Structure formats: structure tokens, C-alpha cells
There are 2 protein chains.
Amino acid sequence: MDRVAIIGASMTQFGKREGWLRDLLVEAALDCLDDGGIEPGEIEHLYVSNMASGEFEGQTGVPNMLAHDIGAVPAYTQRVDQTSSSGGAGTYAAWQSVASGVSDLTMLVGGEKMTHRSTAEATDVIASITHPYEYKQGVTLPSFAGLTARHYLDKYDAPRESLGKVAVKNHKNGVDNPHAQFQKEVSLEEVLESPIVADPLRLYDFCPITDGSGALLMCPESVAEQYTDDYAVIAGVGGATDTHVVHEREDPTVMGGVVESGKTAYEMADMGPENIDVAELHDMFTILEFLQSEDLGFFEKGEGWKAVEEGVTDRDGDLPVNTSGGLKSKGHPLGASGVAQIYELYQQVRGEAGPRQVDAETGIACNVGGFGNCVITTILEAAR
Amino acid sequence: MDRVAIIGASMTQFGKREGWLRDLLVEAALDCLDDGGIEPGEIEHLYVSNMASGEFEGQTGVPNMLAHDIGAVPAYTQRVDQTSSSGGAGTYAAWQSVASGVSDLTMLVGGEKMTHRSTAEATDVIASITHPYEYKQGVTLPSFAGLTARHYLDKYDAPRESLGKVAVKNHKNGVDNPHAQFQKEVSLEEVLESPIVADPLRLYDFCPITDGSGALLMCPESVAEQYTDDYAVIAGVGGATDTHVVHEREDPTVMGGVVESGKTAYEMADMGPENIDVAELHDMFTILEFLQSEDLGFFEKGEGWKAVEEGVTDRDGDLPVNTSGGLKSKGHPLGASGVAQIYELYQQVRGEAGPRQVDAETGIACNVGGFGNCVITTILEAAR
């Protein structure tokens, strides 16, 4: 089968941005066209990953507006929403459009504009991701994270400090990412002394609220060389759900959606965890980096924390995780986050990650919606 | 190439419904599984067409909830939003999942719950589909419809009555559709004397606000016979945008998205308008039925109105249009409407449409988002 190539990518500055979602999407889209050397009229399908422009801004129909604004009409366009994993779902949708043969040039643009709303308002929108049985009792995503972290630390005899070290590592990586919301280091002491949010997790165990956008250009590998010889290939991609009622899960330290989507992606890529050189994991909360690194098969269950303690996931470790800074320091504009993960891998496997560069020909991204309620895992590799 | 088959379909009662979107989606999904003889655990991909559950109900993450509620976990799931054409976009997304080879059994469930909000509130959500340049000046979708209708009547010397006859025809068809919101005839006099909404269009030129849901099951044609020998095939499908700023269109009586998406669908199906036996068109406003019937090539531009006057689009005419009752009498629950169009064609081409049955082996559905800002056209045919 003809594989799907990525021939261009972009991301905007993440952080507190002026303007509206529309401005962010246009910025990422134009940068991406420029990166790929593509004219807007060449786009056949245009996907927009966005969770909640209606709720955050009272504006819908955003994909049509984007097609119009960048001059891509009459390209087909559609919005992809899969809550916090909308970017991964958009990657999967864009992949499908090329793999099914209906588009020879697809653009995905993911974005979210949130910071103009109060934290309470934004949290309210995000809480509605989860099941009303749970969030109406106050068990929001941070609560799940706290409960899971406590359970994990107890069950696997992990020190509280190991969670803090995820934040320290990812902030350190973010210093070298000019697009990151926080380009500054934090010390373990700062993390451990920051205000408690959901015990044992503290403020610096959480990603921030962020505005931002990112974009990707995809085409069949058979035509990629018409555009560039410096492309990457989506070697594997898969998506899977876990129970939407989180408390029904047998073992809350296992994310079934990560396990299942990983299996599908590995199988398509004909790879296993041993073939992966770098990983972008969905560290919306520090505890999630442990769970995903285990559920994708890099470490035994309950041992992900040791990898962080031992520096295995550092930039110069055996499996660098979140070289971009992760959601923790880069920021988490819902619809853009999964796209920005792929952006980082695209740079890494092509050797274009600058000061963040690690030795990588393959990379994996894991984009998590809700509390693992739906997960998309994507494997990139450098063009042969 | 292996084509994509539809092996099951359902729709709920359309109208003013109790409960929440969640209840409607579950109802349609379970009915559809029952219709196809499929267990929920067999579903590999699950798409939910829905424009605005966040805005209408404050609930997001609905696809994950549905996968959980019907027992489809760990099936991959995602929401498809393309405003009023979300159902058509969902059909296209589900088609792509099968055609790309990543799912051998995909379910699409489309739905919207709107009637619990006031007409003003619902209209406000719907207005946000269009461009802020326009809707913030009061040029909402009904305004566009009125302006376009006036222009059409003047330009093509069409009588006002011809628009009314679309409503009369579609209501007559709806009488025989047990799922329709309005199962009653209206007279031409009633239409022409109903209150003015956007001159020359009156209340009965508009579809109602509706709750409802519908579902489809798709698989590769090569495996369809494992399930049933009474399936239909998606012979062609295409989607296209037109300018999002409606007033920039050169000729407001031409819907470019209909023309372009129709071309793509005809080409994939290796058919032309002459091969189509029955059509479900997006008669959100009566004028739209004329425009689509022309832009899909059934009639010359400016002559669609004559077809209605001459009975060509009646149930016993040469090209029956909206045998289901159309959006006009069946109702228009945004995310469900495009799915319900396919539901009707699925029954028609398989000879299962009961009192609405016409002589049809092929059918076309045209699902319009915004004021033609994005359009998906789908061609069904009976299994060979």
C-alpha cells in the first residue's frame, strides 16, 4: 500500500495570544503551506482539529472560514473533534483522506483559543468532556489525575518526587523550544512546593491553558518526492476508546486506549517499542507520562517512574520523551496539541529539531482525550 | 477498488423529543445494530455527526459516551462537525475509514437535540455557522434564503407559487414517513398565507427546529455478504466548499459546493444525472431545492422551478425529490439530517420504502452546510 507522507508542518507560538481562533488557524496554515512549498489551491481536503470554538468564542463553521481565508475553496473541509485528542484524531482523519485515495493533498490545521476566558469558564468547558455521572459530582479531570497519581505511588512504591521530575525534565526541554508557552526551567523544589490542586498533584504537575495552532500537509508517499525529498512518513496510526465512566476501569493505572491504539499503530508500522527512538506523550498531568510510557510498552507497568529517575527519558537518554517540552511546558491548546506532537516528531526524524535534536529515525506520539477515554497513537519515520 | 457497502440503517422519530442527545444517539445506534444484525463489539470505528452538543446542552465528549453506552469500547470514535452538513460529512468520514482499510465495520450515528432551547437561542447557535462579517449585520441564513429567492424569481421569471409547491410536495411525501416531524399535508394557500419571515419566503418555506438521530453501518463490499445480501453501495461521494462570505459569490443562484461535490461523486460512481432515479435534497428553505436540482445537473439553471410545477419531482414523476418529506416536513436535526437522507435512499434502492417507494436502483443525497458553504453529495445504488 502507498503510505502517507508528511511534506510540510508548522506551529504558531503557543501561549496567551491576541486575536481569535481564526487568526491562529490562518497563521499556522499559511506557515505550513510556505514550509511545504504548496499553493492553497492545491489543497484537496482540509481538516480542522478543534474542540470547542462554539463554546469558547461563539463561532462555528470555522473550517469553511479557514478554506475561504487561505484561498483553498473549493477544497472539502470538515471539523474533527475528539476533545483533548482532537489533533491526533485530525491526523488520523487526514491520513484516511489520503489513504482512501480521495485526496492527493490534505492539510490539517489544529487550534484552540482559550485564554480569553477565565480559568473557571475554560475548566467548565473542559469538564464537559467527561461523563456527567462523574463531573457533576466534582470528579473533573484534575481530580482523576490526583486520584490516579495517589494510587500509582502507593501501588508501585514510587516516590512523589518522580512525578515532579517529569515537570522538571519537560520544562528543561521547553527552554529550547521557541514555540513553547514556558521557556524556562523549574526546580524540583518549585514543583514540590507549588500549591496543591488535587493531592498529591500540585500546580506544576499540570499543563497550562493555552492558545495556539499547528498544521500538517500530507500526500501519498508515491508523489511526495514531487514536492521534497525531505519528508516523513506516517508508518502507523491507530485510535481506541476506554470506558467513558472512568471509575468503571478495573485498574486505573492502565490506560486501555493507549494500549489498544498503540497495538494498532505498531502493527501497521510493523514495529514494536524497541524500534522507537523518541516519544511525544500527552503529559497534561505529570502522572500521564508514566502511564503512557508503560502502556506503549517502553517500560513494565509500574516502572515508568524509574525511567524518569534514571534519566532514560531525558534528551540524552535511551528514549527521550517530550523533547518539545510536552504539554507541560509547551502548553495545551486542545485542538492543536496532537498536531504539535507530530510537528515535533517531523522535525526530529528529519534532523531539523535544532538544539532539541536527538538521534531519531522514528518517533511516536500519543494524544489522549478525556482521561484516556479516547487515544490516538501515531508513528512517524524518516523517508527512506 | 473494493467499494463501501451499507449493511444497516436506522432513524429515530424526528420532532420534539424528551431526554438528551445521548438518548437519541443510543436509540438510533441500537436500532441500527439490530437492523444490521451486528453486535456492538464488532464495531471498529464509530463516528458521531453532531454540530453543537456543547452549545445546545453543555455536553462534549459525546462519541466516547456513545461508545461506552452501547458497549462498543475499544472502538475508535470521533465527532464530525460540518454544521448543517455534519451528517453528510460523517458519511464521508465513515466511508474513508472503510475505504482506507483501517476499519472493516464502521458505524456512523448522527444526531442533534435542539428543541429544549428557545428558537432565539437555537437560531443564535445556527447563525454562528456563517461569516461574522455577515451575520453580525443581521444577514442570517433565512436572510440569505430570502434574498436568493427574490433574485431567483426575478432572474428566471419564476412564479412565487413554485416555491410554495416545494413545501406542498414535501409535506405530502412526509405524510407517509412515520419518522417525520410533520406528517400532514399543507395547501398552497396555507404556505402563501403563512407569516413572512424573509420576503418573499414565508414560515412554511422553512424547515422546523428538530430533535432526532439516525445511524448507518458500513463495511467493505467484499465482506458485506457475510452479513446480508440486501445491502446498498456508496457508488460515489464528494465534498466541496464555496466562499464562506456568501456575498462574494458571482451568481448567488449557483451553489458552487453543490456543483463541485456533485462532479466528484458522479465521477467516482461513473454516473451522470441521467443515471439517478431518486434524490434527497437539502430543502432547509424551499428555494434550495431548486438550486440543488439544477446544480446537480437534473435541470438547466433557472428551470428547476418548472420541474416542480410540472410534477417531475413528485413521487410519481421522472425524478422524485425528497420522497422522505425532506427537511421541510421530516425536520432538520442538524447532525442527523445528512444521515437521514442516506437512510431514505438506502430504503428506496433496496425497495423497502413502503408507501413512499418509487422505482429506484440509484439515489443521490445532497447535504448542505451553511448557505452552501460546504456540501457533501453521495450516490447510493442497490447491490448488484
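Per chain, numbering begins at 1; letters A, B, ... match sequence-line order. Worth saying up front: this structure is predicted, and the values here are computed from it rather than measured.
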Worksheet item: By a 4.5 Å heavy-atom criterion (distance strictly below it), what part of B:Ser97 contacts chain A: side chain, backbone, both, or neither?
Response: both

Response to the item:
Turns out that what part of B:Val245 lies under 4.5 Å from chain A's heavy atoms comes down to both

Worksheet item: Measuring from A:His282:NE2 to A:Met255:CE, what's the distance to the nearest 0.5 Å?
Response: 8.5 Å

Response to the item:
Exactly one of B:Glu221, B:Met218, B:Glu44 clears side-chain contact (heavy atoms from CB on, under 4.5 Å) with B:Val98, and that residue is B:Met218

Item to complete: Could you verify whether a donor N or O on one side chain and an acceptor N or O on the other, from A:His332 and A:Ser337, lie under 3.5 Å apart?
Response: yes

Discussion item. Looking at chain A, which one of B:Asp242, B:Val80, B:Thr241, B:Asp81 has the largest number of heavy-atom pairs inside 4.5 Å, strictly under?
Written reply: B:Thr241

Discussion item. Between B:His244 and B:Phe371, is the ring centroid distance below 6.0 Å?
Written reply: no

Worksheet entry | Contacting moiety of B:Glu248, where chain A heavy atoms sit under 4.5 Å | side chain

Worksheet item: Where on B:Ile376 is there a heavy atom nearer than 4.5 Å to chain A: the side chain, the backbone, both, or neither?
Response: side chain

Worksheet entry | Option that, when pairs with chain B are counted at under 4.5 Å, heavy atom only, ranks first among A:Gly58, A:Pro74, A:Ala67, A:Gly239 | A:Pro74

Discussion item. Can you see whether A:Asn64 engages B:Gln82 through a side-chain donor-acceptor pair at a distance of less than 3.5 angstrom?
Written reply: yes

Practice prompt. Mind ranking A:Asp124, A:Asn373, A:Val102 by heavy-atom pairs under 4.5 Å with chain B and telling me who comes out on top?
Written response: A:Val102

Worksheet item: Below 6.0 angstrom between ring centroids: does that apply to A:Tyr133 and B:His68?
Response: no

Worksheet item: Contact part of B:Phe56 toward chain A, heavy-atom cut-off under 4.5 Å: side chain, backbone, both or neither?
Response: neither

Worksheet item: Just by distance, do the side chain of A:Ser49 and the backbone of A:Ser86 share a donor-acceptor pair under 3.5 Å?
Response: yes

Worksheet entry | Among the listed options A:Met51, A:Arg22, A:Glu57, the residue most often paired with chain B at heavy-atom distances under 4.5 Å | A:Arg22

Discussion item. Report which part of B:Glu260 has an atom under 4.5 Å of a heavy atom belonging to chain A: side chain, backbone, both, or neither.
Written reply: side chain

Worksheet entry | A:Thr243 versus chain B, the contacting section by heavy-atom distance below 4.5 Å | both

Worksheet item: Non-hydrogen atoms of chain A under 4.5 Å away: do they reach the side chain of B:Ala52, the backbone, both or neither?
Response: neither

Fill in: chain B interface, residue from A:Thr264, A:Val237, A:Thr130, A:Val73 that has the most non-hydrogen pairs under 4.5 Å
A:Val73

Worksheet item: Would A:Ser128 and B:Thr60 count as having a side-chain donor-acceptor pair, cut-off 3.5 Å?
Response: yes

Worksheet item: Any side-chain donor paired with an acceptor under 3.5 Å for A:Thr377 and A:Ser261?
Response: yes

